[in-house]
Amino acid sequence: MLGGKTGWDKLQSMDGLAYGNGRFGYRSLELATNSRAIDPEKSEVTDLLLDFEEPDASFADNAGNYSVEEKAFVSSSKVKMGKGQR
């Protein structure tokens, strides 16, 4: 069993994860901010990888399988970057 009172010590890999505060006061796991690295050994299983965390990043497929022909972003004041609020 993982999480809760047992904790996360038996988890074998933390790639792309970070610790946070859980609902009942225990440590929780969250997606790490900006954890979009592609493992070169597994790149063939990543079809499309978009980065939404960098405000000035160009909209592109970081996996390299697709090309963007037209960009039409609409900015919103409701967007949150990083950890959201509950």
Side-chain angles (χ1 to χ4, degrees):
M1 180 178 277
L2 293 171
K5 293 178 183 177
T6 308
W8 300 99
D9 295 335
K10 295 181 182 177
L11 197 62
Q12 293 184 5
S13 175
M14 287 287 295
D15 293 343
L17 299 174
Y19 289 116
N21 295 320
R23 189 167 63 173
F24 299 109
Y26 301 108
R27 274 196 316 186
S28 66
L29 286 183
E30 303 173 351
L31 294 177
T33 301
N34 223 4
S35 62
R36 66 190 188 289
I38 296 178
D39 183 345
E41 295 178 10
K42 298 178 182 177
S43 62
E44 70 276 356
V45 298
T46 303
D47 184 49
L48 176 66
L49 182 59
L50 302 174
D51 180 0
F52 293 100
E53 296 196 48
E54 296 297 327
D56 298 328
S58 62
F59 188 68
D61 171 24
N62 291 333
N65 296 318
Y66 299 89
S67 60
V68 176
E69 293 186 16
E70 184 177 326
K71 300 179 203 181
F73 281 122
V74 177
S75 190
S76 171
S77 61
K78 296 179 182 180
V79 174
K80 298 205 181 299
M81 186 170 175
K83 294 183 180 182
Q85 296 177 344
R86 294 179 190 216

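Since we're looking at a predicted model, the values are computed, not measured.
When all heavy atoms of E30 and Y19 are compared, the pair lying nearest together is OE1-O, 4.3 Å. Across D47 and D61, no two heavy atoms sit closer than the pair O-OD2, 3.8 Å.
Looking at residues two or more places apart in sequence or on another chain, you find no side-chain hydrogen bond (donor to acceptor under 3.5 Å, both in side chains) involving Y26.
M14 and L2 fall within the same hydrophobic cluster, defined by Ile, Leu, Val, Met, Phe, Trp and Tyr side-chain heavy atoms under 4.5 Å apart, directly or through other members.
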